[in-house]
Number of protein chains: 2
Amino acid sequence: MAATTETGRSACAINLTLEVVGDKWSLLIIRDIIFGNRRHYRELLTKSDEGISSNILADRLKTLMEAGILTREDDPTHKQKGIYSLTEQGIELLPVLAQMATWGVKYLPVSEELGIRAQLLRDGGPKMWAEFMDELRETHLGIKRKRKAGPSVSERLRKAYEAVVAKRTGKRHHA
Amino acid sequence: MAATTETGRSACAINLTLEVVGDKWSLLIIRDIIFGNRRHYRELLTKSDEGISSNILADRLKTLMEAGILTREDDPTHKQKGIYSLTEQGIELLPVLAQMATWGVKYLPVSEELGIRAQLLRDGGPKMWAEFMDELRETHLGIKRKRKAGPSVSERLRKAYEAVVAKRTGKRHHA
DNA sequence: CATACCGATTGCATTTTGCAACTGGTTGCA
DNA sequence: TGCAACCAGTTGCAAAATGCAATCGGTATG
């Protein structure tokens, strides 16, 4: 059967996608960039719950750049820092992450504070994803978007997360 | 930060999902079951474009069963054969695959014959996915569904694929 | 001018993957 | 009855990916 790629696997859309982002770390890095607004190597390395190794992170950032999902430019405020940005191609991975989050929060033991964003994103549906993607286009690609009334999606996600954390902390204080 | 699972990683929905299906093979196996209607070990091993090793396949099938995504029962027609079925949890991975296929067909060099299904699924949207999932519930879980007018989603996908293959073969004959 | 921070890189141990041969059993057919 | 083809895996081993800790040369900060 049709095996065409260098890995000897097929030119199927799902397979090719998995060859790019189908490892344990790539989508987690993209998640941290999208939802955690991590833009620097050091932020991705330390400000995450997952504990990726520095060599793996360096390797994945390189791979994701070669795949056209990320770009890197120098940070004008610091000669050593680089700023990683999503490309349009990278931004459009959001629906994949959203579907994974929806599935995970339904079937796996997701914590309450980390699950709230997944639920919000699920309930918001493709319309909310599109709005969020427009916000990402603004911050990562510099493409101005039409101002919407009310708080942005990223603000709403952050607020919801903080509300759950506050609630739990409060509970714990009273218990 | 909150690292709770046995792997030392977080209880985030996306991370937990990736810990279950975030390897190179699991989602390909599920793809073959969903879109290729593969139900036996030997079918999954040989009737795929990817060339998975028998030990890896055995290991992943075990893992996916432990994760509650697949079940296995004896085939009454053959004492050695087992029939693998999707659970509801497995069926609900379809939207994840559909989003991956949509992304892949947009950004990666997907072949025409393998891309046609991805495009159909993208254009059909969540409504078509829901219909397909109902068909899967019937074949895998034995849950009767309301008959729809016209051909099923799986038939439509198969027909579209065959049409492209026929067209290409025809072209080649004339070229 | 010392200390902390910056993006990585290196060496090495462990784990996962891939390949090919093989096992014990079943089925279909002559 | 016997034999070839098929069945779902298993085994041993080599190769590749991953994970960990220490380190590197350079930069900002007090």
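We name chains A, B, ... by the order of the sequence lines, and we start the count at 1 in each one.
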Atom pair distance, as rounded to whole Å: [atom1] in [X] and [atom2] in [N]:
X	N	atom1	atom2	value
B/R60	D/dG9	CZ	C1'	15 Å
B/D74	D/dG9	CG	C1'	14 Å
A/N55	C/dT15	CG	C1'	14 Å
A/Y41	D/dG25	OH	C1'	15 Å
B/E50	C/dT17	CD	P	16 Å
A/L61	C/dA8	CG	C1'	10 Å
B/R9	D/dG19	CZ	C1'	12 Å
A/I56	C/dT14	CD1	P	17 Å

Steps toward side chain to side chain donor-acceptor pair (under 3.5 Å) verdict (A/R38, A/S48):
CA-CA 9 Å; A/R38 312 277 184 255; A/S48 175; over 6 Å; no

Before we go on, tell me: are the rings of B/F132 and B/F35 under 6.0 Å apart, centre to centre?
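Ring centroids of B/F132 and B/F35 are less than 6.0 Å from each other.
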
Could you go through residues 52-66 of chain A and list every donor-acceptor pair under 3.5 Å that involves a side-chain atom there, pairing it with any protein atom two or more places apart or in another chain?
unit_1	atom_1	unit_2	atom_2	d
A/R60	NE	A/D23	OD2	2.9
A/T63	OG1	A/D59	O	2.9

Any side-chain N or O of B/W25 less than 4.0 Å from the OP1 or OP2 oxygen of C/dT16?
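The answer is no; no side-chain N or O of B/W25 sits under 4.0 Å from OP1 or OP2.
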
Just to confirm, is there a sub-4.0 Å distance from OP1 or OP2 of C/dG7 to any side-chain nitrogen or oxygen of A/R72?
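Result: no.
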
Can you figure out which of D/dA21, D/dT10, D/dG9 approaches the side chain of B/R42 most closely?
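Nearest to the side chain of B/R42 among the choices is D/dG9.
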
Mapping A/D59 and B/L45 to their closest nucleotides on DNA chain D, which lands nearer the 5' end?
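So the residue in question is B/L45.
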
Side chain to side chain donor-acceptor pair (under 3.5 Å) evaluation trace for A/E73 with A/Y84:
CA-CA 7 Å; A/E73 43 194 317; A/Y84 291 96; over 6 Å; no

Out of A/K146, A/R156, A/R147, which residue meets the salt bridge (Lys or Arg N to Asp or Glu O under 4.0 Å) rule with A/E131?
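Of the listed options, the one satisfying the test is A/R156.
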
Do the side-chain N and O atoms of B/N15 and B/E19 include a donor-acceptor pair separated by under 3.5 angstrom?
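Distance-only check passes for B/N15 and B/E19.
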
I'd like to know if B/K148 pairs up with B/E135 as an ion pair, taking the criterion as any Lys NZ or Arg NE/NH1/NH2 lying under 4.0 Å from an Asp or Glu carboxylate oxygen.
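No, no charged N to carboxylate O under 4.0 Å.
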
Minimal non-hydrogen separation, A/A67 against A/V20, with atom names
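Reported closest heavy-atom pair: CB-CG1, 3.8 Å.
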
Closest heavy-atom pair and its distance - A/A118, A/V105
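Scanning both residues, the minimum pair turns out to be CB-CB, 4.1 Å.
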
In degrees, rounded to 10°, what is the bend between the two ends of the helix from C/dC1-D/dG30 to C/dA30-D/dT1, using five pairs at each?
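Axis-to-axis angle, ends of the helix: 10°.
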
Within residues 75-87 of chain B, residues whose heavy atoms come under 4.0 Å of DNA chain C:
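Of all residues in residues 75-87 of chain B, the ones placing a heavy atom under 4.0 Å from DNA chain C are B/H78, B/K79, B/Q80.
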
Check if the side chain of B/S53 and the base of C/dT17 share a donor-acceptor pair of N or O atoms closer than 3.5 Å.
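No pair found.
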
